[in-house]
Amino acid sequence: MLDLDTFEKAAKNAGFYSLDTETTGLDTRVARLICITFAVGDKAWIVPLTSFAEVVSLNEARDWLNQHIFNDPNLTVIIHNAKYDLSIMAHHGFEIHNKVVDTMICEWMTNEYGTADPVKNEHPHFGLKELVWKYFKIKRDKYKDVADLLFLDPKGFAQYAMDDALDAWRLWNDIDVPALKREGAGVRNLFYEVEMPLVFSLMEMEESGLYINIEKMGGLFKKNAEEVKDLTEKICKHAGKTFNLASSDQLSDVLFKDLKIDVAGIPLHKKSVPGKQIYSTAAKVLKHIRHSNKIIPLIEAYRKATKMRDGFLMPLLGKSKLSEECRIYPEFNQTGTKIGRLSSSNPNAQQMPREGGIRDCISAPTGHVLCCSDYSQAEYRVLAHQSNDVNLIKLYNSDPKADIHQWVAKEAAIEREEAKAVGFGLLYGLADPSLAASLKVPLAKAQELRAKWTDLCKGVLPYKKKVEYDLIRKKFVETIWGRRRRFFGVRLDDFAHRQAFHMTISGSAADAIKIGTNKLYKALQELRQQDPRYKQVRMLAQVHDELVLQCPEEIQQDVIKLVKEKMEDVGKGHLKVPFVAKVGCGSTWSDSKVK
DNA sequence: TGCTCGAGCGCG
DNA sequence: AAAGCGCGCTCGAGCA
């Protein structure tokens with residue numbers, strides 16, 4: 001059953017092997033290994049560790065594999081979703097020093113739609129079994145359908161486990177290697193040099209989690225509960241009846257039927273039918289009708305308070321109380337977006353409210369501080385580079401800390417808020433009428449502001465045109481580093497134009513922070529060898545242009561220096577403008593941010 | 001009870 | 001179709 005000697009020979013002969021694990025759960029902090037499987041070509045091996053009639057002791061497996069397989073830096077291990085398996089393996093004492101290629105990430109980089117239909121705007125999936133069906137038309141059972149086999153039919157379970165390793169091998173060799181060959185050098189380089197190393201930073205973040213000051217958050221929760229109760233009573237009194245305030249349908253009836261607020265200009269819901277009109281009660285609508293009835297500000301306050309309760313206080317308190325360390329453990333998904341950014345979930349660390357005190361409750365444990373690195377105007381620096389605009393390039397080179405909105409405002413003799421709205425709208429392709437609405441100015445004024453902006457930065461519109469041209473000619477667009485977003489089989493309308501343009505900007509910024517994060521991680525690994533205090537410096541979270549770390553209080557000044565140096569060491573000698581990181585430390589997430 | 005969908009809203 | 005880009009989460013409503 002074992003015959004690991006033949007595995008060693010085969011792996012070393014090929015230079016590659018694939019690995020998969022079966023475990024008792026998805027939480028890497030508590031899950032236990034059931035078995036490890038390997039494949040080389042069409043041969044597979046299994047190391048049964050628990051639950052089988054005959055098992056190998058964990059110590060024995062660990063010693064042998066660490067010594068014969070995992071310590072070889074010239075071997076490449078193929079894993080589907082390596083972050084998970086490597087994390088489980090690390091928890092069981094395996095030390096894997098092989099090169100890693102992740103078939104899930106490779107799939108995402110070479111086809112960001114995964115098994116979803118690009119035309120339907122579905123949420124992409126990159127599951128091994130779905131991909132095996134897509135490419136090989138092989139139907140594999142889902143884990144939950146074979147979990148019982150472990151006891152009823154161990155041989156069947158073993159086969160299932162080995163199939164995963166065989167599938168990963170096949171996916172890499174038959175699909176991914178040719179796909180990487182077809183793609184540009186940019187995609188290949190990003191895959192091997194950016195995304196693969198990044199896996200280890202994300203493992204560190206997921207392992208570390210975020211410490212919650214439960215007492216402080218409990219205080220917020222108590223205050224919030226009183227607020228919600230008070231507002232509910234007031235609103236129902238105004239409405240003259242009790243109803244479910246969380247139901248937008250019921251609220252629509254109260255506002256526009258009972259209270260007879262004017263419906264002119266209010267958008268209808270999709271499910272509105274001639275007999276039953278349901279009007280939108282979104283924040284934008286409420287703001288618009290705020291002065292037509294005293295109930296509106298109460299509803300706005302109620303929405304804020306319940307969003308806080310249901311979206312943050314309840315789930316964060318619940319999760320942190322489950323953990324002995326008072327921590328929440330957000331996941332950072334490397335294949336979660338179509339533009340190259342990360343996404344986060346369970347809970348989503350990338351949507352913690354800036355206002356309302358949540359970030360004051362996310363803190364560092366005693367003796368430590370949080371360290372926060374924030375790229376200054378990353379997207380506009382990318383725009384400067386991509387558009388080759390002389391003024392923008394001059395601006396950021398003459399003053400690395402320049403504020404583009406301030407500069408535009410001064411040069412064009414407009415308000416900073418106006419300049420900011422125009423600049424922001426430009427990145428997302430905002431049309432003039434919407435710009436006018438958001439600034440509350442006439443259309444002509446909005447057009448004038450936009451003209452002033454594009455006149456100052458003459459390279460921007462031609463760059464936008466270039467992206468559209470590329471899109472139509474090649475059906476994909478690229479970031480500075482060559483990451484691609486494809487539009488195969490998609491109508492190249494204005495919507496696609498906006499998506500494409502935005503991807504080249506935000507996607508480039510995403511590449512940049514990933515490269516900076518890798519440089520920092522590498523530096524930390526080296527320092528950890530020399531100075532044990534650096535083992536306590538941990539990456540905790542990434543929020544698109546921001547990186548959050550935790551470090552011992554006494555080395556915070558050194559860490560600030562290191563983080564700034566490494567995060568700014570992006571595109572040196574290659575980009576036309578510098579990247580600038582604002583780095584600060586503090587006892588909470590709020591305090592650690594540099595204003 | 002469990003599923004999907006849309007509305008609404010938090011973040012960059 | 002979307003009509004301002006990219007995400008994930010919670011709730012209500014409708015359905016089986």
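All chains are named by letter (A, B, ...) in the order of the sequence lines, taking the proteins before the strands, and each is independently numbered beginning at 1. Keep in mind that what you see is a predicted model, and the values were worked out from it rather than measured.
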Taken in chain and number order and not counting sequence neighbours, the residues that satisfy salt bridge (Lys or Arg N to Asp or Glu O under 4.0 Å) with E204(A) are R528(A)
To the nearest angstrom, the NE2-P distance between H544(A) and dC7(C) comes to 10 Å
Q.
Just N and O in the side chain of S434(A): are any of them under 4.0 Å from OP1 or OP2 of dG4(C)?
A. yes
Expected list for residues 580-595 of chain A near DNA chain C, using heavy atoms below 4.0 Å, is none
Note: contacts of residues 243-253 of chain A with DNA chain C (heavy atom, under 4.0 Å) are N244(A), A246(A), S247(A), D249(A), Q250(A)
So the contacted stretch of DNA chain B, first to last nucleotide with an atom under 4.0 Å from a non-hydrogen atom of chain A, runs from dA7(B) to dG12(B)
Residues pairing under side-chain hydrogen bond (donor to acceptor under 3.5 Å, both in side chains) where one sits in residues 374-384 of chain A, two or more places apart or in two chains, turn out to be D374(A)-K593(A), S376(A)-R381(A), Q377(A)-Y396(A), Q377(A)-D403(A), E379(A)-S506(A)
Whether H497(A) contacts dC5(C) is assessed here as follows: a side-chain N or O lying under 4.0 Å from the phosphate OP1 or OP2. Is that the case? no
Exactly one of K466(A), K465(A), K464(A) clears salt bridge (charged side-chain N to carboxylate O under 4.0 Å, His left out) with E468(A), and that residue is K465(A)
Exercise for the section: Verify the contact: side-chain N or O of R498(A) to OP1 or OP2 of dC5(C), cut-off strictly under 4.0 Å; return yes or no. Expected result: yes
The correct set of residues in residues 220-236 of chain A placing a heavy atom under 4.0 Å from DNA chain B is none
Numerically ordered, the residues 344-354 of chain A set in heavy-atom contact under 4.0 Å with DNA chain C is S344(A), S345(A), N346(A), N348(A), Q351(A)
Indicate the ring-plane relationship of Y463(A) and F501(A), choosing parallel, tilted or perpendicular according to the 30° and 60° boundaries.
tilted
Residue set satisfying salt bridge (Lys or Arg N to Asp or Glu O under 4.0 Å) with D262(A), at least two apart, ordered chain then number -> none
The side chain to side chain donor-acceptor pair (under 3.5 Å) partners of D545(A) (sequence neighbours excluded) come to none
Atom OH of Y428(A) and atom C1' of dG6(C) are separated, to the nearest Å, by 8 Å
Check whether any side-chain heavy atom of I261(A) sits under 4.5 Å from a side-chain heavy atom of Y279(A), and report yes or no. no
Work out how far the C1' atom of dT4(B) is from that of dA3(C), and round it to whole angstrom.
25 Å
The residue among K287(A), R290(A), K307(A) that forms salt bridge (charged side-chain N to carboxylate O under 4.0 Å, His left out) with E300(A) is R290(A)
Within residues 291-312 of chain A, the residues having a heavy atom closer than 4.0 Å to DNA chain C are D310(A)
Note on DNA chain C: ranges paired as stems (three or more Watson-Crick/G-U pairs in a row, both atom distances under 3.5 Å) are B:1-12 with C:5-16
For this session: For dC5(B) and dG4(C), measure between their C1' atoms and round to the nearest Å.
Result: 23 Å
Sequence neighbours excluded, the answer for side chain to side chain donor-acceptor pair (under 3.5 Å) partners of E183(A) is R484(A), R486(A)
